[in-house]
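Every value quoted in this text rests on a predicted model; they were computed, and no experiment measured them. Numbers here are sequence positions counted from 1.
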Amino acid sequence: MSDNQNLLAEQRRALILDEVRRRGGVRVNELTRKLSVSDMTVRRDLDALARQGLVEKVHGGAVPVSEPSAHEPGFEAKSGLELSAKEDIAKAAAEMAAPGSAIALAGGTTAFALAQQLLEVPDLTVVTNSVRVADVFYSAQRAAASGGTGPRAGAATVVLTGGVRTPSDTLVGPVADAAIRSLHFDVLFLGVHGISVEAGLSTPNLAEAETNRHFVRSARRVVVVADHTKWGTVGLSSFATLDQVDVLVTDAGLPAGARAEFAELPPELVVAGEQPEDADI
């Protein structure tokens with residue numbers, strides 16, 4: 001069997017990881033059929049995912065790794081996962097940022113994808129505790145300046161909080177908390193480590209949990225941006241209940257059971273990439 005050359009290794013491994021998490025385990029022969037690749041390719045992919053601590057290899061396949069509630073993956077470890085879902089979520093969430101508004105953008109890889117979409121929204125004031133998010137805006141400004149035009153009209157004004165840097169490249173702690181506490185945002189866009197009915201929004205980092213609490217308190221509207229793999233995950237520290245969330249923007253991979261649960265919960269559920277049931281045909 002010849003390997004499918006249309007999928008990059010990173011894309012293929014992301015698909016395998018999603019399948020493992022969604023189904024609770026997969027067999028090698030199932031993956032070879034689904035991805036149209038050889039057994040050897042699948043085994044190499046599983047070896048790579050196992051080395052990253054993302055799956056546990058078992059005889060004939062792989063199962064999910066149960067992460068400790070205090071484990072905090074780094075930005076690079078998360079950046080290659082659920083890429084298409086994050087892009088869909090980012091596009092949908094960007095439509096909720098009105099020109100001229102003051103928004104807060106917390107850390108994480110989905111927030112990073114959202115920042116790239118927000119470059120086209122004019123006259124934003126963006127407050128972020130994410131070094132990666134701030135760099136998206138700063139890089140765009142530098143690129144415009146290097147072309148001799150300077151920052152374009154309507155370019156975002158960006159405020160990066162101080163604080164202690166986490167593995168996810170976010171700034172947290174008393175300095176960040178003090179900066180956020182004194183501000184007021186029209187909308188907070190918040191990526192999360194985990195979401196559940198019982199635990200609400202949670203993170204494995206205690207200092208980040210406190211900083212996120214200040215973000216939530218300072219925002220008129222809270223929009224959570226999180227792909228479907230975050231559902232049912234619980235980190236060490238909860239920082240908000242689901243009734244403090246106005247909108248959850250997720251992707252089409254959200255299981256039917258989770259959708260049914262959300263129908264009974266306060267947040268509006270936006271599934272990126274899907275048309276509303278009552279949309280005009």
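- In this structure, Ser218 contributes its side chain and His214 its backbone to a donor-acceptor pair below 3.5 Å.
- The two residues Gly107 and Ser130 make their nearest non-hydrogen contact at CA-CB, 3.7 Å.
- Not a single donor-acceptor pair under 3.5 Å links the side chain of Thr128 to the backbone N or O of Leu160.
- Although no hydrogens or angles enter the test, the distance criterion places a donor-acceptor pair under 3.5 Å between the side chain of Gln116 and the main chain of Phe112.
- Inter-residue side-chain proximity for Leu183 and Val127 is flagged as met; some heavy-atom pair is nearer than 4.5 Å.
- The shortest side-chain heavy-atom distance between Phe185 and Ile103 does not fall under the 4.5 Å cut-off.
- Between the side chain of Gln244 and the main chain of Thr241, a donor-acceptor pair closer than 3.5 Å is present.
- Once rounded to the nearest 0.5 Å, the distance linking CG of Leu124 with CG of Leu118 reads 6.0 Å.
- If you check the side chains of Glu208 and Thr203, you find a donor sitting under 3.5 Å from an acceptor.
- Considering NZ of Lys57 and CZ of Arg51, their distance stands at 9.0 Å, rounded to 0.5 Å.
- Note on Lys34 versus Glu30: no salt bridge recorded, every NZ/NE/NH1/NH2 to OD/OE distance being 4.0 Å or above.
- Formation of a donor-acceptor pair under 3.5 Å by the Ser139 side chain with backbone atoms of Asp135 is found in this model.
- The closest donor-acceptor contact from the side chain of Asp251 to the backbone of Ala272 lies at 3.5 Å or more, if one exists at all.
- For the atom pair CZ (Arg213) and CD1 (Ile180), the distance works out to 12.5 Å, reported to the nearest 0.5 Å.
- Formation of a donor-acceptor pair under 3.5 Å by the Thr211 side chain with backbone atoms of Ala207 is found in this model.
- Side chain of Lys86 to backbone of Thr109: no donor-acceptor contact under 3.5 angstrom is found.
- Other residues, nucleotides and ligands place more than 12 heavy atoms under 6.0 Å from the CZ atom of Arg259.
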Quiz prompt | Check against side-chain contact (heavy atoms from CB on, under 4.5 Å), Thr233 and His193 | solution = CA-CA 7 Å; Thr233 298; His193 174 81; 3.8 Å; yes

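- Counting heavy atoms from C-beta outward, Val249 and Val224 have side chains that stay 4.5 Å or more apart.
- Judged by distance alone, the side chain of Asp186 and the main-chain N or O of Ala102 form a donor-acceptor pair under 3.5 Å.
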Quiz item: For Leu15 and Leu35, what are the C-alpha separation, side-chain angles and deciding distance, and is it a side-chain contact (heavy atoms from CB on, under 4.5 Å)?
Solution: CA-CA 9 Å; Leu15 290 171; Leu35 299 174; 4.1 Å; yes

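- Ser202 places no side-chain N or O within donor-acceptor distance of the main-chain N or O of Ala199, the cut-off being under 3.5 Å.
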Exercise. Run the numbers on Asp47 and Arg43 for salt bridge (Lys or Arg N to Asp or Glu O under 4.0 Å), then give the verdict.
Key: CA-CA 6 Å; Asp47 285 339; Arg43 293 182 190 280; over 6 Å; no

Practice problem: Determine, stepwise, if the pair Leu201 / Asn212 fulfils side-chain contact (heavy atoms from CB on, under 4.5 Å). | Solution: CA-CA 10 Å; Leu201 310 182; Asn212 284 344; over 6 Å; no

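- For the residue pair Thr170/Asn129, the side-chain donor-acceptor check at 3.5 Å is not satisfied.
- A heavy-atom distance below 4.5 Å is found between the side chains of Val247 and Met96.
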